[in-house]
Amino acid sequence: MTQGSLRHFLDLSEFQGPTLRSILDAGKAIKTRRRTPAAKQDRVLDGKAVVLIFEQPSLRTRMSFEVGIRDLGGESIMVTGKEIELGEREAIKDTARVMSRYADAIMIRMLDHAKLVEFAKWAEVPVINGLTKTSHPCQVMADVMTFEERKGPITGRTVAWTGDSNNVLASWVHASARLDFNLRIATPPELAPKPELIAWAKKEGASVETTSDPFAAVDGADAVVTDAWVSMGDGEKERRHNLLQPYQVNAKLLKAAHRDAIFLHCLPAHRNEEVTDEVIDSPQSAVLDEAENRLHAQKGVLAWCFDAIRA
Ligand code: CP
């Protein structure tokens, strides 16, 4: 989302397909140049400081942003939501404007998406969504990069989601509309995606189908994707587990996909709940590449935020 001359990265739905493509291409090019003399040209954050705010725990998001910012020549400063009591100690608009005087960009992980949008409204530097309860756009940029490394261009291909309809799924829906691939979603009816999300996808002309049958969703798909049954901020653990058991990605379900299908999971995984050991440790599993690609895809995002994409 551009706000004046500011470039925020809040949701994939706010982008046109060619912009997302240029960010992915930039991330891939930077990945290729990493640890070679050519990487010098990628020091687009030279002299810049990026604040990373975490209200929730993180391994991948924190590490990939910290290392990525360092690789691009910048410095990161990590603060927890507890330290700054975001939205409690002072108005979000004051925190956003004060932080903008110190930092050149701000990445935020917080559950309340409306507060992220409020923060970005007042920030005077680019703001990046590092996960909210509503969406996880950096994750899905890495997922698409991983798909394309293993399977070629994602346009026209079929991705199947089975399990809970959470924030990662929402970003997959946004991506399917912008990058023109088919998305089949299998969830229990009780945990179906929000009607407004699916209505948005249809309005945008996306090829998104919903079902309660995981085998129908996965049939012949190029990728099978799932996530934890209980995401950050969710309650009703036992009820969710009971509802989601039939949506587990196990060898039988994966076999219903294309024989060369890949398995994706943003991690952390709950082994033998949403995915079996047999699947996550199989050659079809791309989860470690997917975690690594957070680093590379986010470098593309950071380069875009500073209008410094050099593919
Ligand atoms: N996938 C993901 O966002 O991982 P973390 O919660 O460890 O950052």
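What's counted below: heavy atoms across the whole structure, side chains too, no hydrogens, waters or symmetry copies. Just follow the structure's listing: the first ligand is 1, and inside any ligand the first atom is 1. Bear in mind the structure is a predicted one, so any value in this text is a computation, not a measurement.
Of all atoms in ligand 1, numbered sequentially from 1 with element shown, those under 4.0 Å from a heavy atom of Leu267 are 1 (N), 2 (C), 4 (O). Close approach of ligand 1 to Arg294 is summarised as follows: ligand atoms under 4.0 Å from at least one heavy atom of the residue are 1 (N), 2 (C), 3 (O).
Classified by interplanar angle (parallel below 30°, tilted 30° to 60°, perpendicular above 60°), the ring pair Phe15/Phe9 is tilted.
The residue Gln56 has no part lying near ligand 1, judged by heavy-atom distances below 4.0 Å. Under 4.0 angstrom from ligand 1, the non-hydrogen atoms of His136 all belong to its side chain.
Atom CD of Glu278 sits in a sparse spot, with 12 or fewer heavy atoms from other residues, nucleotides or ligands closer than 6.0 Å. Remark: Glu238 CD is loosely packed, at most 12 non-hydrogen atoms of other residues, nucleotides or ligands lying under 6.0 Å away.
Taking distance alone, with nitrogen or oxygen atoms compared against 3.5 Å, Pro268 stays at or beyond that limit from ligand 1. Residue Arg62 places no N or O, backbone or side chain, under 3.5 Å from any N or O of ligand 1.
A salt bridge does not link Glu190 with Arg239: none of the charged nitrogens is closer than 4.0 Å to a carboxylate oxygen. Using a 4.0 Å cut-off between charged side-chain N and carboxylate O, Glu66 and Arg70 make no salt bridge.
Arg109 counts as a contact of ligand 1, since one of its heavy atoms falls under 4.0 Å from the ligand. Residue contacts with ligand 1: Leu131 is excluded, as none of its non-hydrogen atoms falls under 4.0 Å. The shell of residues lying under 4.0 angstrom from ligand 1, judged by heavy atoms, excludes Met63.
A donor-acceptor pair under 3.5 Å is absent between the side-chain atoms of Ser285 and the main chain of Asp281, judged by distance alone.
The nearest protein atom to atom 7 (O) of ligand 1, hydrogens excluded, is given as Leu59 N, 2.7 Å; this is a heavy-atom distance. For atom 4 (O) of ligand 1, the closest non-hydrogen atom on the protein side is Arg60 NE, 2.9 Å.
Trp172 pairs with exactly one of Asn167, Ile185, Asp143, Asp227 by the side chain to side chain contact (heavy atoms under 4.5 Å, CB included) rule, that one being Asp143.
In terms of the salt bridge (charged side-chain N to carboxylate O under 4.0 Å, His left out) criterion, residue partners of Glu148 (sequence neighbours excluded) are, by chain and number, Arg21, Lys28.
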